[in-house]
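The structure under discussion appears below in the form of structure tokens.
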Amino acid sequence: MASIMISEAHDHLGHSVTLKGWLYNRRSSGKILFLQFRDGTGVLQAVVSEPENPELFAASARLPRETSVIVSGTLREDRRAPSGCEMQLTALQVVHEPTSDFPIELKEQTPGFLLDHRHLWIRTGRQVPILRVRDAAFRAFRAFFHERGFVATEAPILTGASVEGTTTLFELDYFGDKAYLSQSGQLYLEATAMALGRVYWVGPAFRAEKSKTRKHVTEFWIAEAEMAFYDHDANLALQEDLVRYLVETVVGERGDDLAALERDTDRLLAEVREPFARLDYGDAIALLKGKGHAVEFGDDFGAPEEETLGTHFGRPVFIERFPVSMKPFYMKRDPKDPSRVLAADLIAPEGYGEIIGGSQRVDSEAELVSQLEENKLPRAPYEWYIDLRRYGSVPHSGFGMGLERVITWICGAAHIREVIPFPRQIHRLYP
Ligand code: 4AD
Ligand code: MG
């Protein structure tokens with residue numbers, strides 16, 4: 001008898017198979033018991049009838065949810081079932097029977113309760129398809145760059161200086177010195193790009209964000225790329241290709257999971273099909289003012305502004321050329337207007353907010369030194385970074401994408417905390 005995963009069930013119609021998993025749910029209708037089993041690849045319904053198999057019926061009827069089991073039975077087509085088939089149960093072996101009722105019910109529970117039981121919550125409902133979509137998004141990001149000849153690299157997590165400003169740094173004691181958890185691998189990727197040309201990585205990033213929003217976690221996964229000899233326009237073109245590739249690949253690969261999440265994938269695909277919108281920061285401020293937002297030139301966008309911009313265009317929109325004062329020390333100034341930087345944020349549609357931040361980097365030693373001073377940053381921890389401008393400096397650009405932000409958008413999830421296995425927020429470090 002073949003031992004299969006539920007995702008393969010449809011290839012074994014008419015045959016007897018064995019599968020290993022957990023009892024997800026159960027209901028009965030008179031003398032028939034409907035048992036739902038899950039194994040991480042899907043959910044399969046099995047039936048057992050009391051008149052035909054009284055012993056198996058009695059044994060199955062008393063099992064609590066989340067009992068781990070090895071079951072056997074014959075598969076037959078059932079067009080109404082999500083997996084397209086149903087099992088006629090013939091044998092059931094208990095691996096472990098829960099010692100008390102499984103705390104997660106298959107109906108609404110409060111977010112606080114669910115988050116306290118995140119280690120168990122992930123077995124249920126929308127959580128499994130979301131985590132499978134997450135896997136596909138990580139893989140698609142890496143595949144995109146691998147296919148284009150970029151080299152995968154790594155950046156340290158323990159660092160001696162900030163990238164994205166000092167207000168969101170997690171500080172720790174490093175043998176008597178101060179160290180910080182990395183906010184972004186960018187500075188190190190700039191160094192590896194000078195060695196390898198075009199590089200990328202996916203790694204954890206930490207922000208001591210006090211913001212309690214649907215879009216912020218204190219630990220997230222940043223997906224970054226850095227390219228020697230790329231200018232601002234080449235940088236945006238690459239980001240646009242990447243986002244389109246990611247959405248199309250994940251929808252293609254995880255259509256079933258997105259259907260289970262009731263995500264409108266036609267809408268999602270339509271959003272990325274057309275060229276992305278591109279808007280100067282000043283024009284974005286004018287547009288927002290026209291729509292009643294109380295923003296002034298020089299202001300950062302909050303969630304309401306991002307929502308308006310994303311909804312207005314109905315597709316991803318680059319906001320570019322921000323005022324110098326709004327952005328970090330490493331961005332190159334626009335030669336046509338030195339009060340602006342050659343940077344862009346990519347805003348997702350439907351209110352999912354900023355998914356990418358990127359820029360062309362300062363490539364002159366003198367400019368970098370003066371921008372460090374303007375930002376009141378000490379020079380010593382950045383000496384190595386200044387070196388990159390002393391030895392064969394080249395125009396170069398890069399960007400960082402918040403993978404959880406992108407996955408939230410692709411899944412149509414209500415909150416970023418649902419798309420990472422164990423979210424970290426201001427008041428959440430458990431489980
Ligand atoms: O815009 P950010 O701060 O840009 C950088 O870190 C650059 N050094 C990246 C680069 O150029 N290599 O962060 C990049 C992205 C944001 O656009 C957002 O999607 C995500 O990271 N992000 C967060 N995601 C979840 N929770 C948070 N607290 C986040 N902060 C930023
Ligand atoms: Mg940003």
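When a ligand or atom number is given, it counts from 1 through the structure's own listing order. The structure displayed is predicted, hence computed values, not measured ones.
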field: Audit row: Arg428, Asp116, salt bridge (charged side-chain N to carboxylate O under 4.0 Å, His left out) steps and yes/no
entry: CA-CA 9 Å; Arg428 187 156 296 280; Asp116 287 342; 3.0 Å; yes
message: For atom 21 (O) of ligand 1, what is the closest protein heavy atom, and at what distance to 0.1 Å?
response: Phe220 CE1, 3.4 Å
- request: Check step by step if side chain to side chain donor-acceptor pair (under 3.5 Å) holds for Gln127 and Arg118.
  value: CA-CA 10 Å; Gln127 307 310 307; Arg118 182 65 177 164; 2.9 Å; yes
- prompt: Does NZ or CZ of Arg321 lie under 6.0 Å from the centre of the six-membered ring of Phe318, at an angle within 45° of the ring axis?
  reply: no
- request: Fit a plane to each ring of His117 and His119, take the angle between them on a 0 to 90° scale, and name the class: parallel (under 30°), tilted (30 to 60°) or perpendicular (over 60°).
  value: parallel
Numbered atoms and elements of ligand 1 in range of Arg361, under 4.0 angstrom, heavy atoms: 10 (C), 11 (O), 12 (N)
task: Please write down residue, atom name and distance for the protein heavy atom closest to atom 6 (O) of ligand 1.
output: Arg207 NH2, 2.9 Å
- request: Going by heavy-atom distance to atom 14 (C) of ligand 1, choose the closest among Gly353, Ala223, Gly400.
  value: Gly400
query: Where is the nearest protein heavy atom to atom 5 (C) of ligand 1: which residue, which atom, and how far?
result: Glu164 OE2, 3.2 Å
- request: Report yes or no: is the cationic atom of Arg148 (NZ for Lys, CZ for Arg) closer than 6.0 Å to the six-membered ring centre of Phe144, at no more than 45° off its axis?
  value: yes
query: Under 2.8 Å from the Mg ion (ligand 2), is there an N/O/S atom belonging to Glu354?
result: yes
query: Counting from 1, what ligand 1 atoms have a heavy atom of Phe399 closer than 4.0 Å?
result: 10 (C), 11 (O), 12 (N)
